Enquirer: 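What follows is a structure written as structure tokens; I'll ask about it next.
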Amino acid sequence: MTLRLRTRIFLAMAGVAAGALIATLVVAQIDAEDRAERQISQRFERARLSFQRLEAQRERSVAEGVASLARSHPVFRTVLSTASLAAYDLGLGGMPSEGDALRDANLRLRSILPSLDLATRHEIFVVASARGELLFDRCEPERFGDDLTGLDVLRDAVSAGSATDVWSRARDLPLGLALVPEPLPGVVYTVMVSPVEFGDGVHGFVLVGDPIGPEMLGRLRDVSDVDIALITGAGNAVTTLPVEHAAELEALASVMAGMPPTAAPIEWRLDGERFLVAREQVDEESEASFLLLRSLDAELAYLRGLEKSVALVGALALACALAASALLSRGITRPVAALQDAARRVGRADLDVRVEVTTRDELGELGDAFNSMVLGLRERDRVRRTFERHVSKRVADEILNSSELEMEGQRREVTVLFVDLAGFSAMTEVSAPEQVMERLSEYVEAVSRIVEEEDGTLNELWGDGVLAFWGAPLAQPDHALRACRTATRSAEALREILARWSEDGVSDLGFRMGLHTGPVIVGELAARTRSKYAAVGDAVNLASRIESAGKLYGCEMLVSGETRMRVGEAFAFRHLERVRVMGRAAPVDLYELLGPTGEVDAERIERAGSYEGALEALMNRKPDESERLLRKLLKETPDDRAAGRLLERVQRWKESPPPESWDGVEQLDRK
């Protein structure tokens with residue numbers, strides 16, 4: 001089913017409005033969730049830092065309490081000193097046995113326990129001798145003498161001076177020792193050991209500890225604004241969340257157990273509510289870990305109200321957009337129908353069509369643009385007819401697509417190529433007209449094809465002559481290079497054609513080419529019924545003179561010094577002479593175009609050098625040296641007409657030396 005334009009506009013407006021509304025909600029939700037996740041991650045980091053600061057504060061407090069005992073409690077010092085010396089025989093009679101000394105230390109510590117603030121502030125309070133023997137355990141006050149060196153934390157304290165540990169399982173304690181007020185597992189304790197130092201060394205160790213329970217977790221939650229769950233290796237959980245979540249938290253802990261503590265938070269649902277969860281291990285050796293949780297749904301609660309408001313406003317905007325689209329579609333369809341009819345007429349090649357759209361909006365601009373397009377098509381058609389028989393299809397397409405093309409006359413630098421078929425007039429006298437036209441067409445087709453392949457402009461065909469140029473109508477910075485390439489390629493093609501004609505009995509034919517680079521006037525030459533794009537000016541005439549000079553020098557391809565200079569080292573040349581052609585006062589340097597550099601054989605390059613050496617010797621008024629070089633050259637190549645001509649000039653110079661004002665320019669007395 002085909003929908004009318006008005007219906008499509010209506011549906012499009014509705015779709016855009018609805019899409020914008022949905023996109024707004026989606027973008028708002030994505031942005032809000034991203035922001036909420038960043039904020040929650042920051043809270044998790046604050047919780048980690050708070051726990052670390054709390055533990056550091058507890059360590060400092062214990063270390064300071066033990067140091068205070070060592071300084072200010074003489075009985076405590078005496079007990080430890082006596083217990084530490086009990087195992088040594090000092091040679092004094094009447095000293096108590098080691099067991100008696102340890103029992104005495106236990107009794108005295110039990111008696112002073114109420115006065116020890118450090119002991120009353122911690123659930124775990126253990127005193128050991130310097131050798132690691134149990135002197136007092138708050139959980140079993142009457143027990144003493146047990147070897148505590150099996151405790152990892154005590155061994156660490158002996159070597160490092162102080163140490164901390166986490167007890168979350170029974171194997172953390174030596175066999176048979178309680179040390180904690182309730183059995184493990186089930187509770188996680190943080191324990192700290194500090195040495196008792198006075199006098200000349202360490203006289204014992206104090207071990208204190210406290211459970212990590214709801215009170216501590218509550219303090220962390222208040223600081224960081226996140227919920228915390230402590231999961232032990234035995235599967236017990238202490239959490240700031242409601243107790244009904246305990247089983248789910250244990251399952252979550254098992255999922256996160258294989259994740260590194262630094263892993264990014266994951267999303268988890270508790271009773272259908274979305275939470276972000278991160279894991280923080282209590283200790284590297286402990287199976288207990290913290291789970292940091294924050295409700296993502298609670299963070300995004302404000303977004304739900306925003307979505308309702310946006311949806312309401314969007315619905316009102318959608319209704320207004322639909323009403324506006326209905327009015328807009330009515331104003332569009334009539335001008336569009338007129339443009340549609342005009343476009344059909346243009347499709348039938350009717351370029352005299354014109355539309356009238358009176359609205360002062362984009363539709364009016366569209367009507368003006370359509371009329372401008374039709375005018376452009378007319379001009380394009382006229383330009384195509386002008387150029388289609390003079391340039392290659394690629395150049396024609398570039399011309400048609402160029403916004404800078406001017407058909408009116410303008411001054412441009414171009415390189416002009418004249419090609420002439422020598423001996424053509426004689427051939428017409430002995431050949432049938434049909435053969436003449438066939439061969440002439442073959443010659444013109446060969447040259448024209450190469451001109452087109454090198455993106456040149458075919459300016460003129462008359463008789464056996466071809467005139468082409470490069471550098472206009474399109475600017476071509478390498479126009480001289482293209483012209484020389486065309487000349488050498490055309491020379492190869494013409495040699496093959498003339499060889500084939502010679503086999504058919506048509507001999508004594510040759511060709512000449514002349515190239516010159518200079519300014520010309522290019523533009524459209526138009527009469528009432530005909531027009532063409534052409535180049536006129538002195539550069540065109542000079543190229544014709546250079547082509548004619550080829551007959552004097554016996555050269556197939558001659559170029560001017562201006563062309564030679566722009567080509568650079570891409571082609572090999574032979575400098576023939578500096579001449580003054582008829583009808584032109586300024587001298588011109590003539591060069592024979594030998595071929596592309598690297599493709600001309602070394603002998604020919606060497607002979608060209610000998611010729612130029614002879615020319616330079618003559619210019620320097622050394623006719624004898626010039627004559628010697630030329631005679632040697634003619635001995636090797638007796639058919640070198642240019643060398644023979646220069647030798648004649650040297651002989652005239654010797655017979656009648658020129659005046660001191662001589663500029664070395666040779667006057668050509670023929671066109």
Side-chain angles (χ1 to χ4, degrees), residues 46-77 79-80 109-110 112-130 132 134-139 141 148 151-168 172-173 178-182 184 187-199 201-224 228 230 238 240 280-286 288 290:
R46 286 202 299 270
R48 292 188 179 100
L49 294 176
S50 298
F51 177 75
Q52 294 171 3
R53 286 196 294 266
L54 181 60
E55 288 302 295
Q57 180 181 354
R58 286 159 59 91
E59 290 178 19
R60 287 195 302 272
S61 176
V62 169
E64 291 172 358
V66 172
S68 176
L69 276 176
R71 289 193 309 269
S72 61
H73 207 294
V75 176
F76 185 75
R77 290 199 303 271
V79 169
L80 289 184
L109 286 173
R110 286 160 54 190
I112 66 173
L113 180 65
S115 66
L116 300 181
D117 180 64
L118 189 65
T120 59
R121 285 191 289 110
H122 300 281
E123 290 193 14
I124 299 175
F125 182 79
V126 178
V127 180
S129 68
L134 176 64
L135 300 181
F136 176 79
D137 175 10
R138 181 176 178 179
C139 295
L148 300 182
L151 292 176
D152 293 337
V153 67
L154 186 60
R155 288 199 301 269
D156 293 341
V158 171
S159 61
S162 62
T164 62
D165 199 359
V166 177
W167 293 348
S168 62
D172 290 331
L173 302 175
L179 299 185
V180 296
E182 60 182 88
L184 290 174
V187 180
V188 174
Y189 287 86
T190 58
V191 294
M192 288 157 273
V193 176
S194 290
V196 181
E197 298 176 326
F198 56 86
V202 176
H203 294 269
F205 295 92
V206 174
L207 184 152
V208 298
D210 293 288
I212 301 176
E215 180 182 354
M216 178 181 176
L217 298 186
R219 291 171 57 190
L220 292 176
R221 181 187 58 187
D222 295 339
V223 172
S224 59
I228 302 172
L230 176 63
V238 180
T240 58
E280 177 73 12
Q281 194 162 334
V282 174
D283 184 81
E284 292 182 359
E285 302 296 331
S286 174
F290 286 115

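Keep in mind that this is a model prediction, so the values were computed, not measured.
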Enquirer: Does a side-chain heavy-atom distance below 4.5 Å link L69 with V196?
Expert: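 No - every pair of side-chain heavy atoms lies 4.5 Å or more apart.
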Enquirer: How long is the span from the CZ atom in R58 to the OG1 atom in T164, to the nearest 0.5 Å?
Expert: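 The distance works out to 10.5 Å.
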Enquirer: What's the separation between atom CD in E64 and atom OG in S194, rounded to the nearest 0.5 Å?
Expert: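 That separation rounds to 10.0 Å.
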Enquirer: Looking at every heavy atom in both F125 and V127, which two are closest together, and how far apart are they?
Expert: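 Looks like CE2-CG2, 3.6 Å.
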Enquirer: Can you name the residues that form a ring-ring contact (aromatic ring centres under 6.0 Å, His included) with F198, not counting sequence neighbours?
Expert: H203
Enquirer: Indicate the atoms forming the closest heavy-atom contact of A163 with D156, along with that distance.
Expert: CB-CB, 3.5 Å
Enquirer: Consider side chain to side chain contact (heavy atoms under 4.5 Å, CB included). Of L80, L148, V126, which one does L135 pass it with?
Expert: L80
Enquirer: Which value, rounded to the nearest 0.5 Å, describes the distance between S61 atom OG and M192 atom CE?
Expert: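 One finds 8.0 Å between OG of S61 and CE of M192.
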Enquirer: Of all heavy-atom pairs between R77 and R71, which one has the smallest distance, and what is that distance?
Expert: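 In this case the closest contact between R77 and R71 is NH1-O, 2.8 Å.
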Enquirer: How close do P141 and R110 get, heavy atom to heavy atom, and via which atoms?
Expert: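 The answer is O-CD, 3.3 Å.
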Enquirer: Nearest heavy-atom pair of V66 and P195: which atoms, and what distance?
Expert: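 Here V66 and P195 meet closest at CG1-O, 3.5 Å.
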Enquirer: With heavy-atom distances below 4.5 Å as the criterion, would you say the side chains of H73 and L116 are in contact?
Expert: yes
Enquirer: With side chains defined as the heavy atoms from C-beta onward, is the minimum distance between V206 and F76 less than 4.5 Å?
Expert: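 The answer is yes; the side chains approach within 4.5 Å.
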Enquirer: Run through V62, L151, L154, D165 and flag the one making a side chain to side chain contact (heavy atoms under 4.5 Å, CB included) with L207.
Expert: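 Exactly one option meets the side chain to side chain contact (heavy atoms under 4.5 Å, CB included) with L207, and it is L151.
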